Trainee: 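Quick one: the structure is below, and I'll ask about it shortly.
Just so it is clear, the structure is predicted and the values come from calculations on it, not from any experiment. Here is how names work: the chains are called A, B, and so on, in the same order as the sequence lines, proteins then strands, and each is numbered from 1.
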Amino acid sequence: MKFGIVVFPGTWSEHDTYYAVHDVLGQPARLVWHKETDISDCDAIVLPGGFSYGDYLRCGAIARFSPVMESVREFAERGGPVIGICNGFQVLCEAGLLPGALIRNEHLEFRCEWVNLRVERAGTVFTNSAVQGQLLRVPISHGEGNWQADDDTVRRVEDGGQVLLRYADADGNVSGGSNPNGSINSIAGLMSEQGNVLGLMPHPEKACEDLIGGADGNVLFDSMIRSAATATL
Amino acid sequence: MPVSQETLSEIALSRAEYEAIVDRLGREPGDLELGLFGALWSEHCGYKHTKPLLRRLPGESSRLLVAPGAENAGVIDIGDGLAIAMKIESHNHPSAVEPLQGAATGVGGIVRDIFAMGARPIALLDSLRFGMPDQDERVRYLIHGVVGGISWYGNCIGIPNVGGETSFDRSYAGNPLVNAMCVGLIENARIMSATAKNPGDLLVLVGADTGRDGIHGASGLASRTFGEQAEMRSAVQVGNPFLEKVLIEACLKAIEIPGVNGMQDCGAAGLTSAAIEMAERSGMALRLDVARVPRREDGMTPYEVMLSESQERMLLAVEERAVAAVTALFEDWDLDATVIGEFHNGSAVAIYDGDELVSETPIEPLTGAPEYSFSAPKPEWLTGLQSTDPGASGLPGVTPAEALSRMLASPNIASKRPVFRQYDHHVQTNTVVEPGGDAAVLRLKGTTRAIAISTDCNGRLCYLDPRIGAQIAVAEACRNLACVGAEPLALTDGLNFGDPETATVQYQLTECVEGIREAATAFGIPVVSGNASLYNESAGKAIFPTPIIGALGLLEDATKHATISFKREGDVILLLGRAQPWDGVETLAGSEFNAVFHDEANGQPVIDLDLELRVQELCRSAVRASLLNSAHDCSDGGLAVSVAESAVTGGFGAQVTAALPQRWDAALFGEGQSRIIVSLSEEKFAELRALAGKLDVPIVRLGTVGGDAIEFGDASLPLAIAADAWEHGFERATAG
């Protein structure tokens, strides 16, 4: 599966993502500059973390207007897998590819720490290498990861099984104490209705090897690779 | 017409210095020239009071690729075609005036120094000093602003912030210290130089437009004590981390273009310092046209353009054939790249405003700031302080367990997680040992190896004995490396002192540099870069002398490292460096215990560098042989605090069995040097003892890991209470 990793000015997770999917998981990958429009060689698109355009306006609000985003939208509409990590999640919400919005963390501080993510639904494009209820230990690194939406939207994403990942404690319990940013229902990762676009605030690419604290993040990329392999069979 | 005193004090030049300028030029300097001299002869750029001292520091190593002082940062060979550029720099005065922007631009500045060398910045560390947070609302404002500024700027540029220290003493109340260290990785040994190669090379300014911010930052803020802080606010620069991030990427790509010959950052004193130092290093003359410099504001004079400290700007020396490629590259990143000058044969800098020649000045006197040597006697008050018995105040009216709880909650000891969790420390996915340990460990992708980095300095000990205190700073920074299993390779120093025109500060400065020299020589490692920040005073009182030491170490096998936390019930707890568990009352000298319980700093700090080297060798060898399950430096707060930190971070209790002596204060909290607390499984004890015997290092068995309390003899503190004190002490102290 060839990963296309989009680079906006201010993106900083592109090399980490490249390393995780290419060097650790052995997949072909390339960096896609935000001014490019032809991404037809890619089988999956990653919008990585960082501070696109400095996030001086709302996070992701300028990046969504980059030339590449029209191609990403078309790619997603055709059913191609797209994963937005941290700033990439913010861009996907701003672009309307995912519902809701990410606002400042409830405590108003930037937060960098390891969190536990509970897999709410297995068997999706992004979680078919996981089992339901499995805990993934992955770092967060954000100041604006507090996912908010109106009640109807919240109901829709919950009822529709779009919530793939929730912040939990080390025993898998979800509570206010295990929520690092104030997100509604401790939502950490959210999938589109069609099931091919995922946005998440935590950084799976930063949990790619035991030497740097753990490799649980590979589960998401592994799932994407496995889905593609199944689809081609 | 003779220059007015007002003009001279605005640019912080003395009358004698002015006369020296006239003498060396053979004429009166023009207005612009005077500004150039003010900036280049400032303490910040010219190192007037420190150059003769800094020359004494050891600067040699077979691993040295770029010598200290030759470029923007020193460079150390770490094998496999890889090299490390590293430097520490202060931004104290700007942070005192405007903490958020001051600290943020401090980070930005040191990062530019590093990527100017062609290095990808891979780590940041911060060494911070503030007044006591529980006593002063402004101190809390400064802490909040400085941490916020580092978080804001550092997180945005995608460089992990992996360590440093934050500590507190009243002497820093009006004058906090904000020292930022950056470490960069150079691949394929491709080092950039801040020079032009040939006459005809063009000077290209890239990055931000130039505005009026930061004028007189170097000569004003950094080079004298300041009374009315609010009035100096316009001298603080404003940062744009997004621009810095794209500038890093574009510049690291630009150096791959053939014909891009040199790179230099625009830091203190802006274009003046950057362009003129570049010409001086190249041994060439420079013609520079300020009219070509892209402006952020209308109506700027040549003086303002030359002195502006607008951030996020770099200078490149580019051959004419490469200019189009450079411009196109920067355009792709939506950045300006403008040819503003040209190097040629000669020895003067000519500054034009369009067609009009504004000044033409020989470079040699501009970059040849005067040097002031001094030797001041030891102050009498210090002799008195050193001969005071640090145990004279006797035992406090609390139990040993209560004392431990209070020590763990002291903001100097308590966990700094509330600070470092605001900094991204995982980005670039190299972080093997995270902040909160003795040293950070970063693996080197594509190799089996890793580097370790730490910063250290106990200002209180340097106050009590500047020479010994500085030796201890070097020893502790290296001991931190030994605790993770790394061998020290190089040092960088951030010298933070008061007014160098006073005898006391002259004594402190001279002695501290001598102490660094002695210790670095003992360790056999060079001081590859550094920075001096003087005039750190407020209300006429100097800060503690604070020579902050940044240390770089190497691990041959990244998987063989240690962390501070206890790992297993039943493991043996050992003290390396002593044959007996308890030190005597003399080790309370300058201790955190005496500060917390008696509000005093006195006594004579000591260190035996020979023992120190052996203890470090033992710890490093034991980590490499996979004998240890944990290793933790014994420093601030002494043995009890060190054991408690290993216990709390591991989630295990500890039983130290030896009975406490009558002076339990010194036994538990004395700060004798050259001690490391380790834990290991019983089966490996014999091997460790044999290794200790071979290396001639005393060791003593303290007890075992386990239980739900931290126990020393009869004294027992429940683990949960210790954890609560240590984990929340900082937040409570800074809550106001």
Trainee: Might you point out which heavy atoms bring B:A558 and B:V432 nearest each other, and give the distance in Å?
Mentor: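 Smallest heavy-atom distance, with atoms named: O-CG1, 4.4 Å.
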Trainee: Under 6.0 Å between the ring centres of A:H203 and A:W12?
Mentor: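 Close enough - the centres of the two rings lie under 6.0 Å apart.
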Trainee: If you tally heavy-atom pairs under 4.5 Å against chain A, which of B:R443, B:E249, B:H561, B:K245 wins?
Mentor: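 So the answer, after comparing B:R443, B:E249, B:H561, B:K245, is B:R443.
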Trainee: Taking side chain as everything from C-beta outward and backbone as N, CA, C, O, which of these in B:N240 sits under 4.5 Å from a heavy atom of chain A? Side chain, backbone, both or neither.
Mentor: both
Trainee: Go through the atoms of A:Y56 and report whether side chain, backbone, both or neither lie under 4.5 Å from a heavy atom of chain B.
Mentor: side chain
Trainee: Hey, what's the ring geometry for A:Y53 with B:F242, parallel, tilted or perpendicular (30° and 60° as the breaks)?
Mentor: tilted
Trainee: At a heavy-atom distance under 4.5 Å, which candidate from B:Q422, B:Q428, B:K445 has the highest pair count against chain A?
Mentor: B:Q422
Trainee: At a 4.5 Å cut-off on heavy atoms, which part of A:E205 comes close to chain B: side chain, backbone, both, or neither?
Mentor: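 For A:E205, backbone heavy atoms alone lie under 4.5 Å from chain B.
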Trainee: Need one label for B:E244: side chain, backbone, both or neither, based on atoms under 4.5 Å from any heavy atom in chain A.
Mentor: neither
Trainee: Could you tell me whether A:R30 and A:D41 have a side-chain N and a carboxylate O separated by less than 4.0 Å?
Mentor: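 Answer for the salt bridge query: yes.
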Trainee: Out of B:N430, B:V433, B:D334, B:N155, return the one with the most heavy atom pairs under 4.5 angstrom to chain A.
Mentor: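 Result: the option with the highest number of such pairs is B:N155.
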Trainee: Side chain from CB out, backbone as N, CA, C, O: work out which of these in B:T431 comes under 4.5 Å of a heavy atom of chain A, or both, or neither.
Mentor: backbone
Trainee: Pick one of side chain, backbone, both or neither for B:R421, based on which atoms fall under 4.5 Å of a heavy atom in chain A.
Mentor: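 Answer is both: backbone and side chain atoms of B:R421 are under 4.5 Å from chain A.
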Trainee: What distance separates A:L200 CG from A:L98 CG, expressed to the nearest 0.5 Å?
Mentor: 10.5 Å
Trainee: For a quick test of reading the model, state the closest non-hydrogen atom pair linking A:G199 to A:L92 and the distance between them.
Mentor: CA-CD1, 4.4 Å
Trainee: Quick one: what part of A:K35 sits under 4.5 Å from any heavy atom of chain B, side chain, backbone, both or neither?
Mentor: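 For A:K35, the contact with chain B is made by the side chain alone.
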Trainee: Among B:D332, B:T327, B:V326, find the one that has a side-chain contact (heavy atoms from CB on, under 4.5 Å) with B:F330.
Mentor: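 Answer after filtering B:D332, B:T327, B:V326: B:V326.
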Trainee: In terms of heavy-atom proximity below 4.5 Å to chain A, should B:V427 be classed as side chain, backbone, both, or neither?
Mentor: both
Trainee: Go through A:E109, A:E113, A:H34, A:R111 and name the one with the most non-hydrogen pairs under 4.5 angstrom from chain B.
Mentor: A:R111
Trainee: Hey, are A:N116 and A:R137 close enough side-chain-wise for a donor-acceptor pair under 3.5 Å?
Mentor: no
Trainee: Need one label for B:I157: side chain, backbone, both or neither, based on atoms under 4.5 Å from any heavy atom in chain A.
Mentor: backbone
Trainee: Hey, does B:V111 have a side-chain heavy atom less than 4.5 Å from the side chain of B:I248?
Mentor: yes
